[in-house]
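Notes for the one structure printed next.
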Amino acid sequence: MSINRQTKSAQATSWSSLFYDERVRAILYQVLAVVGVALVAYFLWFNAATNLRQQNIASGFDYLGLEAGFEISDRLIEFSPADSYARALLVGLLNTIYVSLLACVLCTFLGTFIGVLRLSPNPLLSKLMLIYVEIMRNIPLLLHLFFWYTIIVFIFPPVREALQLAPGVYISNGGFYVPVLEWSFDHTMLLITLIASMVVAYFTNKWAIQKRIKTGEKVRIWPVHLAIITLPLALAYFLFTPEFNWNFPELGRFRFSGGGRITAEFAALLIGLTLTATANVAEIVRSGIQSVNKGQWEAARSLGLKGNRVMKSVILPQALRVIIPPLTSNYLNVTKNSTLAIAIGYPDLVMVSNTTMNQTGQAIEGIAIFMAVYLGLSLLTSVAMNWYNGRVALKGR
Amino acid sequence: MSNVAKVLISSRRPPEDTTSVAGHIRKNYFGTPFNAIVSSICIIAFVWVSWLLIKWAFIDALWTGTPEDCRINNGACWPFVATKIRFFLFGYFPFEDHWRPASAVGLMLGMTALSMLPFMWRKELFYGWIVALIAMFILMSGGVFGLEPVSTSKWGGLPLTIMLSFVGIAAGFPFGVLLALGRRSKLPAIRTISITYIELIRGVPLISLLFMASVMFPLFLPDGMTINQVLRAQVAVIMFAAAYIAEVVRGGLQAIDDGQYEAAKALGLSYWQSMRLIILPQSLKIVIPPLVMVFIGFFQDTTLVTIIGLFDFLNTIRGAMRDPNWQGIAVLEGYAFAAVVYLVFSYIMGAYSRYLERRLKTSHD
């Protein structure tokens, strides 16, 4: 009897000790979490499948091949209503990439400039920049977009009375009209030559620096660079003899013909995105430069480095380490914020997807596509920026 | 042979005056020619922009009048804002019951002001917030205490903006903390789930979640069950806020010295005890300033519900602009009003965040 009771209690303690065992608990928690997530996912999937069947909505991605049947005004590649939904989405994706890329480049230059001005010893200048940054950061982007769009559409003159800023450059409430170069094969060849010679110049520059580090001998590199850039370009010019025909916009009775058009939607989106992102970049650059110890400035100056050289060779390389990670997330934000285009009618990926979803009723697929695309873009940007960050990061410690 | 000067050295000029106001300005603003040019450009630019603004908003502006008067006038049309302000603020909420959203907004702003005082940071404040959020919900929806029930489709304006952002942050916070702990957990399955959720949400734009809420949610619910549009948007904002709060809290958790974790373990505290009593109180204190910044972000991001057709503060203003009487006449005044409201609120919160950062820093050194 007593033995029996003992084994029983021993069994009980072994069970409870099993429950209190950390390893057992770890497995238990994880199993519970996975099962919970799986159950929720199954519940949602089951409901969606039932609802779709009841509402007779097709599922799958077959609709991508169907004829889209809507017009897209702003586009980088050819598109007509007879093209497929897939091509419409591609047009939207290219628009998204185009406007985000432009905004990223612009905000980097402007933001760096303003960030440096924020540190100017002239208090007037730095305060003025502070006002700019505070105003831009504290107003929602959507309000910015509506505001700029309204300015263009309501304040600018109608197309018939378009303002001429410069020969061939008009502004009106329908957007901006600018002359464009008639691009041909010859121009492409010229551009390729230019890029190729710049790549060569980059490597000769690297070689010159390496040589200077090794031998201390200074090579006069700039004549070499001049030759590398200009000679092939001149050669290519005579070889291909491109014609520089500018296509000027001309004001007809009601609208412009010829030339290039920057639509009001695109302009408002680019202005809004750039202005807010610029303020963020300015703050990132300012805090990056300020994070470099004061002693670094003093040490660089006492080594005899002058003005720009201190900034370029000592301060900036150290500041970049602090600047790159937040700058990355700023670029990602610009890309994600470009989705607000839908509010003012610029046909970016989300707006095209939305039209597609309204026409086909296939909401899940539509949202899945653009979510996947944004995840992909985010991933690409972070991979690229991480690679760059790895290059500027502190090494050898 | 001592070296004695035979000639009296001519007296030097007194050192330049840099301490008086005039001297300070001369040195810092006009010390060098370049500085003088920069200062002049700054002054001219500032005066010019301010003049344009003042001319539009005050000198040329119309303060009373009809839409017709505004059409002729060049400056700002403030009668539009004056006649529409109740609609700006409260949207389609029944006109005679406007005191309800007004007191809800007052309650929320009052609670925010109270929470900004560090000596108020104790448990009672937390319970106070729960009571205040419930009170706001009752004020808005009615149906009890003799209040007329008001359906959520009529909610709009500033109360909706405040509700979406405040509830979003308040409800997202516990999820965010759990996700942050999950991301730093030693259990691989829980860590993977947390990381996947956080990165998935942070990788997509808020608008895609709002679209999901407005288009996809109904498909995901069992047959016959519906959730109204406002609540769906609120859920999307909470889901979004949780991921962002999680990343901020993770930063706080990482800032805590390893010794604290080890000491808690050495005292025999369980995981949850050590988190609740040792780690979280310290790390949450560090992350208050960045959390305030997240909050400002969400206060601004709630404007995105405009796109899925909810009447938040920005959208009620756009709605007022579509009034046939005023359409095309007052196009910027409403936006200017909204900009000032967002600017003032965000600026105060931002300044508060910077103040806290300074304050918390000195207490650590």
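Sequence lines set the chain letters: A, B, ... in the order given, protein chains first and strands last, and positions in each chain run from 1.
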- request: Please look at A:N354 and chain B and tell me whether the side chain, the backbone, both or neither of the residue comes under 4.5 angstrom of a heavy atom of that chain.
  value: side chain
task: Pick one of side chain, backbone, both or neither for B:L304, based on which atoms fall under 4.5 Å of a heavy atom in chain A.
output: both
message: Looking at A:E283 and B:R354, is there a salt bridge between them, counting it only when a charged N and a carboxylate O are closer than 4.0 Å?
response: no
field: Region of B:T306 that comes under 4.5 Å of a non-hydrogen atom in chain A
entry: side chain
message: Below 4.5 Å, heavy-atom pairs only: which of B:V38, B:L209, B:T192 has the largest tally toward chain A?
response: B:V38
field: Top contributor to chain B contacts, counting heavy-atom pairs under 4.5 Å, from A:V37, A:L44, A:N122, A:I367
entry: A:N122
Max heavy-atom pair count under 4.5 Å with chain A, selected residue of B:V331, B:V215, B:I190: B:V331
message: Can you confirm whether more than 12 heavy atoms, excluding those of A:Y132, are under 6.0 Å from its OH atom?
response: yes
- prompt: How far does CG of A:L142 sit from OG1 of B:T302, to the nearest 0.5 angstrom?
  reply: 10.0 Å
message: Distance check, rounded to the nearest 0.5 Å: A:T276 atom OG1 versus B:Q300 atom CD?
response: 9.5 Å
message: Would you say that more than 12 heavy atoms from the other residues, nucleotides or ligands in this model lie under 6.0 Å from the CZ of A:F113, or not?
response: no
- prompt: Could you state the interatomic distance from CG (A:L379) to CD (B:E199), rounded to the nearest 0.5 Å?
  reply: 9.0 Å
- prompt: Is it true that atom CZ of A:F156 has more than 12 heavy atoms of other residues, nucleotides or ligands lying nearer than 6.0 Å?
  reply: yes
task: Report the relative orientation of the aromatic rings in A:F146 and B:Y335; use parallel for angles under 30°, tilted for 30 to 60°, perpendicular for over 60°.
output: parallel
- prompt: What distance separates A:M136 CE from B:L343 CG, expressed to the nearest 0.5 Å?
  reply: 10.0 Å
message: How about OH on A:Y98, more than 12 heavy atoms from neighbouring residues, nucleotides or ligands closer than 6.0 Å, or not?
response: no
message: Keeping A:K336 on the side-chain end and B:I207 on the backbone end, is there a donor-acceptor pair under 3.5 Å?
response: no
field: side-chain contact (heavy atoms from CB on, under 4.5 Å) between B:S208 and A:T339, worked out
entry: CA-CA 9 Å; B:S208 61; A:T339 52; over 6 Å; no
field: Step-by-step side-chain contact (heavy atoms from CB on, under 4.5 Å) determination, A:F147 to B:L332
entry: CA-CA 7 Å; A:F147 182 81; B:L332 290 178; 3.7 Å; yes
query: How many angstroms lie between CG in A:L125 and CD1 in B:I43, if you round to the nearest 0.5 Å?
result: 11.5 Å
query: Given that the side chain runs from C-beta out, which part of A:L32 has a heavy atom under 4.5 Å from chain B: side chain, backbone, both or neither?
result: neither
- line: Minimal heavy-atom distance between B:G203 and A:L375, with the atoms involved, is CA-CD2, 3.8 Å
message: To the closest 0.5 Å, what do you measure between CD1 (B:I317) and CG (A:L143)?
response: 8.0 Å
Engaged part of A:I139 at the chain B interface, taking heavy atoms whose separation is under 4.5 Å: both
statement: Between B:S39 and A:L124, the two heavy atoms sitting closest are O-CD2, 3.6 Å
field: Proximity breakdown for B:M293 and chain A, heavy-atom pairs closer than 4.5 Å
entry: side chain
query: Where does A:F370 contact chain B at under 4.5 Å (heavy atoms): side chain, backbone, both or neither?
result: side chain
